[in-house]
Amino acid sequence: MIKENTYSDATGLELKEREFHQISQLAHERFGLELKPGKEALVAARLGKRLRQRGFRSFDEYYQHVLSDSTGDALIELIDSLTTNHTSFLRERSHFEFLARAVVEEFGDVRKLEIWSAACSSGEEPYSIGMCVSDVFSKPGAKNREVRILATDISTRVLAKARRGVYPAERFQELSEAWRRAYLLKGDGDCRGYYKIKPELARLVEFERLNLIEPFSQHRLFHVIFCRNVMMYFDKATQQDIVQRLSACLEPGGYLFVGHSESLTGVSHDLQYVRPATHRKEKRGGRSRVWS
Ligand SMILES: C[S@@+](CC[C@H](N)C(=O)[O-])C[C@H]1O[C@@H](n2cnc3c(N)ncnc32)[C@H](O)[C@@H]1O
């Protein structure tokens, strides 16, 4: 009899090839996640931890539990274990510098700016957008303008953290002292060592759960969409579908930012390349002014 290939995590829990196939198929169907052969050890390590926490004896038992859980929570846990939620304030700072210039030079006449942080993780990205735009709006002589930020992610766990808006002090290393004073409340007593996002900033951000591979339900158009460090989880066909639907949500002249380690090469879309990780939808009635 031919023995099936298996992969073990650090504790010896075995992931059979068939189980890997089932899990990767489910992750692809529900989340567009691409788990190619070669990722078995990663799946065994990441899900193995979850199995032990929940007391399952095999990957098959865990898989059956995910399938039968009608709340959808087990599926969210699965995706949380297989992807990373890594993020930080002002991550890939050049996008924020670009945004600050665009708010003045490209969208100077827009009274209400609409920005979407898709795959926002625990909130550092949308709050950074809020700080950056508020900073521009508060400059002497600036017009009276508003910004509304939609922040979405598939994971209810990270969204709960994001809504809370409380982070350890070391998470704010990238922020200047002036921004800390303007946008954060310092914790005391039990909250010592933590900062909370001020209500004036938190009010600008609206959090919602959204799976990027499913049809988008919101109907408004955005001046800027951040969809960073999530594309890498999807295969080319899924990336293409997502980029085309994101493009349909952009105002003419609006920008799409992807992560700097991601590229839209091989993905067909109607956006103009502006500079690495930055694309733009054509303006009505002609070419956009493109600068980098
Ligand atoms: C590495 S974080 C990126 C966070 C932030 N955009 C940044 O660049 O710092 C990736 C996020 O994508 C989310 N994600 C993974 N698959 C998703 C999907 N199908 N739809 C929406 N979000 C997804 C994960 O939950 C995670 O929070």
Side-chain angles (χ1 to χ4, degrees), residues 23-35 39 42-43 46-47 50 66 72-99 115-132 149-165 167 171-175 205 207-218 222 224-246 249 255-264 276-278:
I23 290 167
S24 57
Q25 220 171 3
L26 182 68
H28 188 259
E29 269 165 28
R30 303 295 178 95
F31 310 113
L33 198 69
E34 192 181 30
L35 290 171
K39 298 276 187 192
L42 179 131
V43 170
R46 295 232 173 129
L47 288 188
R50 187 71 70 189
V66 173
D73 290 348
L75 259 172
I76 304 282
E77 272 195 0
L78 175 82
I79 186 80
D80 258 354
S81 309
L82 294 175
T83 60
T84 147
N85 301 118
H86 172 77
T87 185
S88 56
F89 284 94
L90 297 179
R91 180 181 192 184
E92 301 182 12
R93 187 181 275 268
S94 69
H95 275 147
F96 295 95
E97 290 161 358
F98 190 97
L99 172 69
I115 302 181
W116 180 9
S117 163
C120 66
S121 189
S122 38
E124 288 85 337
E125 183 176 272
Y127 290 132
S128 301
I129 296 170
M131 291 179 197
C132 176
I149 302 158
L150 173 67
T152 63
D153 200 280
I154 197 168
S155 163
T156 44
R157 187 184 57 84
V158 290
L159 285 171
K161 262 176 117 175
R163 286 194 182 97
R164 209 166 150 243
Y167 305 90
R171 303 285 297 160
F172 296 103
Q173 271 164 4
E174 287 299 314
L175 261 57
V205 187
F207 291 100
E208 263 176 39
R209 180 171 181 264
L210 181 141
N211 182 349
L212 284 165
I213 75 158
E214 290 173 358
F216 305 147
S217 57
Q218 80 275 358
F222 297 89
V224 182
I225 300 177
F226 285 66
C227 188
R228 307 186 310 161
N229 303 301
V230 65
M231 290 292 182
M232 60 206 178
Y233 293 123
F234 308 127
D235 59 27
K236 282 286 169 207
T238 310
Q239 286 183 1
Q240 177 147 323
D241 175 57
I242 292 173
V243 171
Q244 286 176 351
R245 286 183 297 116
L246 289 176
C249 295
Y255 289 100
L256 171 68
F257 296 145
V258 294
H260 279 92
S261 62
E262 297 168 312
S263 125
L264 299 187
T278 306

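All residue numbers refer to positions in the sequence shown, counting from 1. Whatever order the structure lists them in is the order used to number ligands and atoms, beginning at 1.
A search for salt bridge (charged side-chain N to carboxylate O under 4.0 Å, His left out) contacts involving D241 returns R245, not counting sequence neighbours. Partners of R164 according to the salt bridge (charged side-chain N to carboxylate O under 4.0 Å, His left out) rule, which considers only residues two or more places apart in sequence or in another chain, do not exist here.
Around ligand 1 you find F31, T84, N85, H86, T87, R91, A119, S121, E125, D153, I154, S155, L210, N211, L212, R228, N229, V230, F234, each with a heavy-atom distance below 4.0 Å.
For the side-chain contact (heavy atoms from CB on, under 4.5 Å) criterion with F226, the lone passing option out of W116, Y255, F257 is F257.
Note on residues 115-128: pairs passing salt bridge (charged side-chain N to carboxylate O under 4.0 Å, His left out), not counting sequence neighbours, are E124-R171, E125-R228.
The shortest side-chain heavy-atom distance between T83 and F31 does not fall under the 4.5 Å cut-off.
Ring centers of Y127 and F96: at least 6.0 Å apart, outside the cut-off.
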